[in-house]
Structure formats: structure tokens, C-alpha cells
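These numbers were taken from a predicted model, which means no experiment stands behind them. Counting convention: from 1, in listed order, for ligands and their atoms alike.
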Amino acid sequence: MIKVQDLYKSFGETEVLKGITTEIKEGSVVAVIGPSGSGKSTFLRCLNYLEEPTSGRIWIGDDELTDPNTNKMKIRQKVGMVFQHFHLFPHKTVLENLTYAPITVKGIAKKEAEEIAMSLLKKVGLVEKAEAYPNRLSGGQKQRVAIARALAMEPKAMLFDEPTSALDPEMVKEVLDVMKDLSNTGMTMVIVTHEMGFAREAADRILFLDGGKIVEDASPKEFFTSPASERAKEFLKKVL
Ligand code: ADP
Ligand code: MG
């Protein structure tokens with residue numbers, strides 16, 4: 001579903017990604033773990049072309065994102081993204097947040113977009129909030145709306161960048177539960193997270209990033225019980 005070949009990304013003099021090569025299979029759930037500043041967000045943002053790679057190639061399905069002739073907007077629609085800080089439209093209701101892009105970008109009829117939106121709100125347990133504005137929602141509710149909004153574009157894959165890091169502790173579970181449900185539907189997911197319990201339980205695979213490189217690529221069981229690298233051992237010592 002997603003293929004990355006020798007991806008490099010620099011900001012000015014700073015080289016952040018230093019040659020990332022990996023493949024993410026359709027329907028798999030990959031947790032990206034690593035110290036702060038290791039390049040996790042930059043990696044995720046490159047997958048969606050929110051950052052332009054300095055070099056290297058990325059494919060989403062059969063389409064090469066890094067081909068200059070590729071319509072980036074079109075491919076970006078296929079890859080949903082959920083951010084730490086929700087990024088909801090504050091002046092739109094929850095329902096409008098979900099229908100805006102399907103109507104304006106995909107050209108779906110308003111009524112149909114609303115039907116899809118309501119079924120997604122049902123999935124994330126927020127039907128009763130359809131007419132509410134984001135400032136009336138809790139952090140956990142906002143993030144569930146953000147997930148539903150991304151799903152409304154019917155993406156082929158979903159990227160999550162620390163989706164629970166900005167939440168009060170009591171709201172983490174409701175968001176992780178929604179993500180768990182989503183993973184059970186066969187959605188391809190790449191999740192940057194500090195929730196080690198979730199990564200261990202929900203991911204098929206762990207990518208451990210350090211210094212802009214994939215230092216380990218392992219099953220959760222391998223990674224958490226017998227990490228191969230010193231760097232992963234050090235990291236786990238601090239977070240577990
Ligand atoms: P992580 O998500 O693993 O904490 P990031 O990908 O956010 O790491 O950042 C990796 C490095 O790249 C950091 O040193 C950060 O300061 C730098 N960086 C990220 N985005 C930018 C940017 N837009 N301009 C300059 N430096 C950046
Ligand atoms: Mg980050």
C-alpha cells in the first residue's frame with residue numbers, strides 16, 4: 001500500500017531523515033516509535049506530502065507521490081491524517097467538519113455527504129454532537145471527530161501523529177478504542193505514538209526510528225521483549 005525508498009529530508013542544513021526504506025502492506029497497522037526529534041513526524045508528513053522529500057521515492061498504491069507529474073492533491077485524498085492538535089474547523093459544526101471536504105473536494109452531493117458523515121459519527125460514538133461546534137467538545141471527542149473527518153474522504157490509509165498526546169489521561173482510551181476498531185476493519189494505519197501498551201497490542205509491526213533512520217523493524221513481541229539495538233533498549237528503559 002505504501003512504499004518508501006531511500007527517503008531523505010533536510011530542513012536547511014539539518015538532515016532529519018537519513019535514508020528510510022520500508023514497505024507498509026495493505027491492512028497492516030504499523031506503530032512508529034522513537035525519541036523526540038528522531039524524525040517521526042517528518043516521516044509521516046512526507047507520506048502525505050505535507051513535507052516535500054529532499055530525495056527518495058514514495059508510492060501510495062500504484063501511484064508514485066514523488067513523481068513530478070503526479071497530482072499530489074489527488075493522492076493526498078487517499079491518505080487521511082490525524083494530528084496531535086485535532087485541527088478541526090472551529091467555525092463549522094461537527095457535521096460540517098465531516099462534510100466539507102467530501103462536498104468541496106470530491107464533489108459529493110450534500111445529502112449523501114451528510115449520510116456518510118452521520119454513519120461515521122455513529123462509529124465514533126458522537127451522533128448526538130453532529131450540530132455542536134468544536135469548542136463545546138472535550139479533547140477526546142474532538143479527536144474522534146478528527147478521525148471521522150479523515151475517514152469521510154474514504155482514504156486507503158490513515159496516518160496518526162501522536163493522536164493521544166494532547167489529551168487528558170481519562171480521554172486517551174476512547175480515542176485508542178476508535179483506532180482499534182478501525183484497525184479491525186482492515187484499514188492500513190501508520191501511527192506515531194508514545195502509548196506503548198497500545199502499540200504492543202494493536203500494531204502488527206513496530207518501526208523504531210532514531211536519528212532519522214529506521215533502527216528496528218520488528219513485531220511488537222520481538223521489539224518489546226528483546227529489542228535488537230542498544231538504542232531501542234535505552235529508549236524502552238525510559239518509557240516502560
Ligand atoms: P519527532 O516527531 O520524532 O519528534 P520531528 O520529525 O518533528 O521529530 O523533527 C525531527 C527534527 O527535525 C527536529 O530536530 C526538528 O527540530 C526538525 N524539524 C522538524 N520540522 C522542521 C521544520 N519545518 N523546519 C526546521 N526543522 C524542522
Ligand atoms: Mg513528532
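- Counting only heavy atoms, the protein gets under 4.0 Å from atom 19 (C) of ligand 1.
- Remark: ligand 1 atoms within the under-4.0 Å shell around heavy atoms of V16 are 10 (C), 11 (C), 12 (O), 17 (C).
- Scanning the protein heavy atoms around atom 8 (O) of ligand 1, the nearest turns out to be G39 N, 3.2 Å.
- In terms of protein heavy-atom proximity, atom 6 (O) of ligand 1 is closest to T42 OG1, 2.5 Å.
- Using a 4.0 Å cut-off between charged nitrogen and carboxylate oxygen, E201 and K180 count as a salt-bridge pair.
- Inclusion of F11 in the set of residues having an N or O under 3.5 Å from an N or O of ligand 1 is not warranted.
- By the 4.0 Å N-to-carboxylate-O rule, D63 lies close enough to K78 to be salt-bridged with it.
- Ranking the protein heavy atoms by distance from atom 7 (O) of ligand 1 puts S41 CB, 3.6 Å first.
- Looking at E234 and R231, no side-chain N of the basic residue comes within less than 4.0 Å of a carboxylate O on the acidic one, giving no salt bridge.
- Taking 2.8 Å as the threshold, S41 counts as a candidate ligand of the Mg ion (ligand 2), since one of its N, O or S atoms lies below it.
- The 12-atom threshold is not exceeded at NZ of K213, counting heavy atoms of other residues, nucleotides or ligands nearer than 6.0 Å.
- Inside a 4.0 Å radius of atom 16 (O) of ligand 1 there is not any protein heavy atom.
- Taking each heavy atom of M118 and L95 in turn, the nearest pair found is SD-CD1, 3.6 Å.
- In terms of protein heavy atoms, atom 1 (P) of ligand 1 is closest to G37 N, 3.5 Å.
- Clustering ILVMFWY residues whenever any of their side-chain heavy atoms sit less than 4.5 angstrom apart, transitively, puts V30 in a cluster other than the one holding M196.
- E52 and K9 are not joined by a salt bridge, as no carboxylate oxygen comes within less than 4.0 angstrom of a charged side-chain nitrogen.
- Listed by number with element, the atoms of ligand 1 under 4.0 Å from a non-hydrogen atom of P35 are 3 (O).
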